Amino acid sequence: MEKYYVTTAIDYANAPPHIGHAYEKIAADIIARYQRLTGKKVFFLTGTDEHGSKVEKAALAAGFESPLAFVDETSSKFKEAWRRLLISNDDFIRTTEERHKKVVQEVFRRMRAKGDVYKGKYAGLYCDGCEDYLRETDLVDGKCPNHQRPPQHSEEENYFFRLTKYKEPLRAWLQEAECHVKPDGRRREVINQLDDPELGDFSITRSRKSLTWGIPVPDDPDHVIYVWVDALTNYITGVGFQSDEEAWNTFWPADLHLIGKDITKFHAIYWPAMLMSADLPLPKLVFGHGFITVEGQKMSKSLGNVLDPVYLAETYGPDAIRYFLFAANTFDQDGDFSRADMVATVNKHLAMGVGNLLNRVVKLLDTHFEGTVPAVSIEQGVLDALEKDTAEFRTFMDEFEFAKAIRSIFEIVDKGNKLLSEREPWKLLKEGKLEEGGQVLVTAMTMLKRIAILLSPITPRLCAGIWDQLGFDSNIESVIFRSSEFTDPILAGQKIRNKGRVFEKLDELTENPAPVPTA
RNA sequence: GCCAGGGUAGCUCAGUCGGUUAGAGCACAGGUUUCAUAAACCUGGGGUCGCGAGUUCAAAUCUCGCUCCUGGUACCA
């Protein structure tokens with residue numbers, strides 16, 4: 001059986017989740033569900049990044065007795081949000097877990113044994129108030145914006161990773177015919193960055209005095225492993241590197257690292273270089289997606305427009321959020337989340353499009369056939385069109401073009417509604433033309449069956465509802481493209497279950513969603 | 001500054017190797033219909049394709065200049 005391993009970025013646990021985090025997890029979930037549909041053995045990993053001085057400071061500021069107690073709470077908020085949004089991850093990794101610590105240290109050892117780690121001096125601008133190094137661009141009038149005083153020039157001894165040694169192999173990897181970084185613009189950008197002679201070795205540790213909340217360097221506890229070696233290795237910890245040989249051999253290398261466009265460089269340069277150094281296979285694809293704005297504006301605490309995914313899921317239901325985010329936005333570009341647009345789109349597509357179609361068919365079957373599917377044949381032309389739309393859907397899904405894939409499904413929905421309008425089965429049935437009227441209804445049911453399957457990665461709850469009303473007893477999530485369940489016609493005698501509206505229209509809500517409390 | 005990408009209907013965008021009256025969805029207007037969630041179906045209006053010049057029988061599509069926007073630009077989750 002073919003496998004598929006998809007990861008998301010692990011989220012930094014210094015604050016609760018917002019809609020931006022959710023966007024990426026839903027995308028990964030849609031991909032995971034779709035890949036399961038294609039019959040692959042899927043492993044889907046997400047989690048939280050829990051080390052670093054920012055977490056430590058946030059914990060103290062929030063009055064926690066320890067950073068660990070703080071991240072316990074924060075990570076549980078992420079887990080809860082993903083549960084509400086029907087995210088089907090197979091594991092949830094936390095970088096503070098023991099299993100991860102071992103892997104990070106092992107990767108460090110391997111890179112060191114390879115001669116790729118050396119001690120050097122890290123020089124930077126250190127702010128005593130922040131207890132951290134600042135960047136030139138962080139400064140306002142030469143001062144730390146948080147503490148209103150100039151940072152000190154400071155140096156410390158760090159371990160460095162010999163990135164420069166891997167520039168050529170990285171270039172070769174990035175230019176392989178099988179593209180490893182998408183979208184293509186990002187790949188070109190990364191190649192440019194690699195060509196920049198100023199891209200040099202980078203430090204992978206901090207001294208214990210400037211960073212305490214982290215994983216110690218093996219055999220040198222005065223040094224703590226700094227962000228990238230700690231965070232990126234989650235992808236191999238999560239599939240059992242050094243702990244579960246079977247999972248590891250099955251799933252690594254990753255088929256897809258799904259990340260925000262801002263961290264493309266770290267995934268397309270640092271991470272593959274680290275893997276080369278550790279003698280591990282490289283991921284097949286890194287995909288940097290766009291960001292989501294809220295009502296046309298960048299999300300920020302000061303604007304008060306940071307949306308809580310749990311609140312949204314409770315208010316509008318998970319399907320509506322999932323559907324709108326990916327039907328209305330282009331995944332590789334920035335997109336927007338607006339409640340008014342979501343309500344309009346979801347009502348039009350899910351309630352009046354799919355839901356109403358189901359309702360029309362189910363009602364007529366109930367009235368004229370006592371809810372039992374009559375024995376009729378389906379026109380070959382309709383079935384051919386169904387296959388054509390399905391093929392189109394798959395092509396777009398394979399390229400992560402979700403909005404276009406969804407449009408392919410709605411080709412079928414529109415055809416279904418047109419079929420009813422043109423053939424007017426209610427008239428045929430009143431005139432006693434049961435054969436002809438029944439044929440129209442079963443044709444529409446066949447379309448609905450396909451719609452439910454194809455749409456299920458995007459709106460799982462709605463599609464389970466359609467599946468149920470069509471009278472299937474199986475779990476829709478067990479359907480795969482190759483199975484007979486996928487292609488079989490709906491059998492005569494199947495009893496439908498008319499349970500009323502499968503997707504209730506949403507109301508326009510005018511009050512502002514509760515912003516995420518600041519940890 | 002440098003590098004990359006982009007400016008096409010009110011909005012979001014398609015437009016393959018340059019070739020007939022520049023397309024889709026949403027929104028808007030009119031009509032048909034009643035099985036259905038006052039839903040559905042049909043028809044229609046609307047664009048000097050950022051600005052200027054050039055190449056060509058022919059340019060949204062190629063070249064140059066200008067202008068505006070976005071992203072990247074040595075360790076930032």
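No experiment lies behind these values; they were computed from the predicted model shown. Residue numbers begin at 1 in each chain, while the letters A, B, ... track the order of the sequences.
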**Request:** Tell me whether A:F202 is stacked on the nucleobase of B:C75, counting only the six-membered base ring and applying the 5.5 Å and 30° thresholds.
**Result:** no
**Prompt:** Heavy atoms under 4.0 Å, any strand shown: does A:K404 hit a base, just sugar-phosphate, or nothing?
**Reply:** nothing
**Request:** Identify whether any heavy atom of A:G355 sits under 4.0 Å from a base atom; if not, whether one sits that close to sugar-phosphate; answer base, sugar-phosphate or nothing.
**Result:** base
**Item:** Phosphate contact (B:G25 OP1 or OP2) by A:K348 side-chain N/O below 4.0 Å
**Value:** no
**Request:** Pick the C1' atom in B:U32 and in B:G18, then give their distance to the nearest Å.
**Result:** 43 Å
**Listed nucleotide nearest any side-chain atom of A:K430, set B:U37, B:C35, B:C76** = B:C35
**Prompt:** Can we say A:K415 and A:D389 salt-bridge, meaning some charged N sits less than 4.0 Å from an Asp/Glu carboxylate O?
**Reply:** yes
**Request:** Would you mind classifying the nucleic acid contact of A:V227 as base, sugar-phosphate or nothing, using non-hydrogen atoms under 4.0 angstrom?
**Result:** sugar-phosphate
**Request:** Fit a plane to each ring of A:F402 and A:F326, take the angle between them on a 0 to 90° scale, and name the class: parallel (under 30°), tilted (30 to 60°) or perpendicular (over 60°).
**Result:** perpendicular
**Asked** Within the structure, does a side-chain N or O atom of A:Q333 lie under 4.0 Å from either OP1 or OP2 of B:C13?
**Response** yes
**Asked** A:N417 has a side chain; which of B:C41, B:U37, B:C76 sits nearest to it?
**Response** B:C41
**For A:E56, all residues meeting side chain to side chain contact (heavy atoms under 4.5 Å, CB included), sequence neighbours excluded** = A:P67, A:T212, A:W213
**For A:A278, all residues meeting side chain to side chain contact (heavy atoms under 4.5 Å, CB included), sequence neighbours excluded** = A:R110, A:L280
**Side chain A:N356 and base B:A36 donor-acceptor under 3.5 Å** = yes
**Prompt:** When the P atoms of B:U70 and B:G15 are considered, how many whole Å apart are they?
**Reply:** 23 Å
**Request:** Between B:C75, B:A36, B:C35, spot the one nearest the side chain of A:F160, thanks.
**Result:** B:C75
**Item:** Rounded interatomic separation in angstrom, taking CZ from A:F402 and C1' from B:G25
**Value:** 20 Å
**Asked** Does A:Y12 have any ring pair (Phe, Tyr, Trp, His ring centres under 6.0 Å) partners at least two apart in sequence or in another chain, and if so, which?
**Response** none
**Nearest-angstrom distance, C1' atom, B:A27 to B:G45** = 13 Å
**Item:** Rounded distance (Å) that lies between atom C1' of B:A74 and atom NZ of A:K121
**Value:** 20 Å
**Item:** Under the 3.5 Å Watson-Crick or G-U criterion, the dot-bracket string of RNA chain B, with | for inter-strand pairs
**Value:** (((((((..((((.....[...)))).(((((.......))))).....(((((..]....))))))))))))....
Report each atom pair, protein N/O against N/O of nucleotides 7-12 of chain B, whose distance is under 3.5 angstrom.
none

**Item:** Sequence-distant partners of A:D468, salt bridge (charged side-chain N to carboxylate O under 4.0 Å, His left out), two or more places apart
**Value:** A:R497, A:K499
**Listed partners of A:D341 passing salt bridge (charged side-chain N to carboxylate O under 4.0 Å, His left out), at least two apart** = none
**Message:** Going by the rule ring pair (Phe, Tyr, Trp, His ring centres under 6.0 Å), which residues pair with A:F287 if we only count those two or more places apart in sequence or in a different chain?
**Reply:** A:F331, A:F400
**Complete:** Sorted by chain and residue number, the ring pair (Phe, Tyr, Trp, His ring centres under 6.0 Å) partners of A:F369 (sequence neighbours excluded) come out as none
**Message:** Looking at A:K363, I'd like to know whether one of its side-chain N or O atoms comes within less than 4.0 Å of OP1 or OP2 on B:C35.
**Reply:** no
**Request:** Compare the minimum distances between each of B:A40, B:A38, B:A36 and the side chain of A:S421, then state the nucleotide with the smallest one.
**Result:** B:A40
**Item:** Partners passing salt bridge (charged side-chain N to carboxylate O under 4.0 Å, His left out) against A:E431 (at least two apart in sequence or in another chain)
**Value:** A:K433
**Message:** What residues from residues 181-195 of chain A pass a heavy-atom cutoff of under 4.0 Å to RNA chain B?
**Reply:** A:R186, A:R188, A:E189, A:N192, A:Q193
**Item:** Interatomic distance where CD belongs to A:Q469 and P belongs to B:A36 [whole Å]
**Value:** 15 Å
**Message:** Please report whether the ring centroid of A:F108 lies less than 6.0 Å from that of A:Y159.
**Reply:** yes
**Request:** Verify whether one side chain among A:D195 and A:Q193 offers a donor that lies under 3.5 Å from an acceptor in the other.
**Result:** no
**Prompt:** A:F161 near the nucleic acid: base, sugar-phosphate alone, or nothing, with a heavy-atom cut-off under 4.0 Å?
**Reply:** nothing
**Request:** Indicate whether OP1 or OP2 belonging to B:C76 is found under 4.0 Å from a side-chain N or O atom of A:Y270.
**Result:** no
**Prompt:** Is the CZ atom of A:R162 crowded by more than 12 outside heavy atoms at less than 6.0 Å?
**Reply:** yes
**Item:** Counterpart residues, ring pair (Phe, Tyr, Trp, His ring centres under 6.0 Å), relative to A:W467 (two or more places apart)
**Value:** A:F472
**Request:** Calculate the interatomic distance between A:Y118 atom OH and B:C75 atom C1'; express it in whole Å.
**Result:** 11 Å
**Request:** For A:D201, report the nucleic acid contact type (base, sugar-phosphate, nothing); a contact means any heavy atom under 4.0 Å.
**Result:** nothing
**Asked** Out of B:G71, B:C76, B:A40, which has the shortest distance to the side chain of A:K265?
**Response** B:C76
**Value in whole Å for how far the P atom of B:C35 lies from CG of A:L420** = 12 Å
**Asked** Please give, in whole Å, the distance from B:A14 P to A:R407 CZ?
**Response** 10 Å
**Request:** Remember a base hit wins even if backbone is also touched, and classify A:D49 as base, sugar-phosphate or nothing at under 4.0 Å, heavy atoms.
**Result:** sugar-phosphate
**Complete:** Taken to the nearest whole Å, CD1/A:I263 to P/B:C75 is 16 Å
**Protein-nucleotide distance (A:R360, atom CZ; B:A36, atom P), rounded to Å** = 10 Å
